[in-house]
Amino acid sequence: MTIFSGILKKRTSAGLLAALLLPGAALAAEPAWQPGRAIEYIAPANPGGGWDTLARTTARVIMQERLSPQSFATINVPGGGGAVAWAQIARDSKNSHKLFVTSPPLILVPLAGMSRYDHEDFTPIARLITDSATVLVRKDSPYRTLNDLLDALRENPRLSIGGGSAPGSLHHVSFAGLAMAAGLNAREVNYVSYSGGGEAIISLLGGHIEAVSAGIGESSGQIAESGQLRALGIAAEERLPGTLADIPTYKEQGVDYTFDIWRGVMGPKEMPAEAVAYYQDLYVRMLNSDSWQQARDQLSWTDAYLDSQQFGIFLDQQKKQFGRVLAELGLLKQ
């Protein structure tokens with residue numbers, strides 16, 4: 001069962017992406033618009049999760065590579081699975097100095113009836129990367145494999161599974177899809193929501209929940225470096241390279257299921273075309289940089305660039321696709 005497909009499956013060269021998607025970008029003249037003050041760069045969750053990691057990583061690379069005359073100041077605005085931040089941004093619809101990082105919750109949370117704002121209330125800038133979904137347990141957990149956890153859930157469906165997004169959103173839907181693919185009743189999953197992936201992992205380490213549904217990028221440090229967590233598998237077509245290469249895919253463990261977590265950047269609805277063009281070019285140059293490629297590989301991300309127009313079309317497709325999934329789970333409210 002594949003919840004999402006059609007993205008780049010290889011660690012494609014950002015230079016090739018730039019050449020294919022924005023021909024002539026390297027030869028562009030002086031931009032028609034440039035930021036005149038610091039960019040408010042919003043991560044709609046607490047520190048430590050996927051949104052926060054993307055915002056801080058891209059802001060750091062932009063600064064290191066001197067890609068912008070102004071700084072990108074990361075601001076955490078948690079609450080409502082992203083809904084609090086989206087409401088604030090929507091009220092500032094003409095601010096060309098405000099951006100926010102985004103991912104599937106921008107589609108899922110409104111579909112579940114937990115936000116009045118969806119992707120159509122904002123301006124797509126660029127899709128940047130994808131991140132593989134995973135399930136994490138503590139290092140000392142009795143669950144050594146994905147099937148150990150799934151078998152335990154068959155015996156006791158009330159075992160708690162945490163995630164850094166709201167019910168009906170990214171990490172819930174990711175795990176619910178896994179449960180469905182394994183023949184479990186997804187509606188019985190005892191999902192415990194947190195305001196960010198970092199908070200969910202802290203709760204896991206404290207022994208308050210059995211496992212966490214997350215993205216591998218936001219948790220790679222605790223897996224490969226500190227060793228505090230163990231990933232039971234990844235929802236990808238093939239294993240990741242590097243330090244996480246020993247983590248088996250779900251398919252290797254007999255569960256035919258993949259789930260890719262795309263991530264990108266958006267701005268307020270009435271952002272002028274000149275500003276959109278400026279930011280598009282900035283992110284293409286970022287993807288081409290050595291600093292980005294090093295950070296990307298360290299976080300086990302995959303480049304998956306789409307420009308503003310393509311990203312908007314993709315978001316419309318995601319709305320239709322996730323609407324069907326939530327309807328099947330009984331979570332569709334819109």
Is there a donor-acceptor contact under 3.5 Å from the side chain of R263 to the main chain of L128? no
Distance-only, no hydrogens or angles: does the Q253 side chain make a donor-acceptor pair with backbone N or O of L232 under 3.5 Å? yes
Verify the cluster assignment for V137 and I202: are they in a single hydrophobic cluster under the rule of side-chain heavy atoms below 4.5 Å apart? no
Please find the pair of heavy atoms, one from A182 and one from L150, that lie closest to each other, and give the distance. CB-CD1, 3.8 Å
Identify the two heavy atoms, one from L153 and one from F175, that lie closest to each other, and give their separation to 0.1 Å. CD1-CZ, 3.6 Å
Atom CZ of R154: over 12 foreign heavy atoms under 6.0 Å: yes
So, S96 versus Y278: side-chain donor-acceptor pair below 3.5 Å or not? no
For the side chain of D260 and the backbone of T130, is there at least one donor-acceptor N/O pair under 3.5 Å apart? no
When hydrophobic residues are tied together by side-chain contacts of less than 4.5 Å, even through go-betweens, does L178 share a cluster with L159? yes
Residue pair S115 / W86: nearest heavy atoms and the distance that separates them: OG-CE3, 3.7 Å
Salt bridge (charged side-chain N to carboxylate O under 4.0 Å, His left out) between K320 and D316, intermediate numbers included: CA-CA 7 Å; K320 293 178 182 178; D316 291 339; over 6 Å; no
Note: A186 and M180 closest approach over all heavy atoms is CB-CG, 3.4 Å
In terms of heavy-atom contacts, M271 and A275 come closest through CG-CB, 3.7 Å
Neighbour count above 12 (heavy atom, 6.0 Å) for Q64 CD: yes
Student check: side-chain heavy atoms of I223 and I216 closer than 4.5 Å: yes
Parallel, tilted or perpendicular for Y279 and F72, by the 30°/60° rule? perpendicular
Within the 4.5 Å heavy-atom criterion, are V61 and S289 side-chain neighbours or not? yes
Answer yes or no: is there a donor N or O on one side and an acceptor on the other, between the side chain of T249 and the main chain of R239, under 3.5 Å? no
Shortest non-hydrogen contact between K251 and T258, atoms and distance: CE-CG2, 3.9 Å
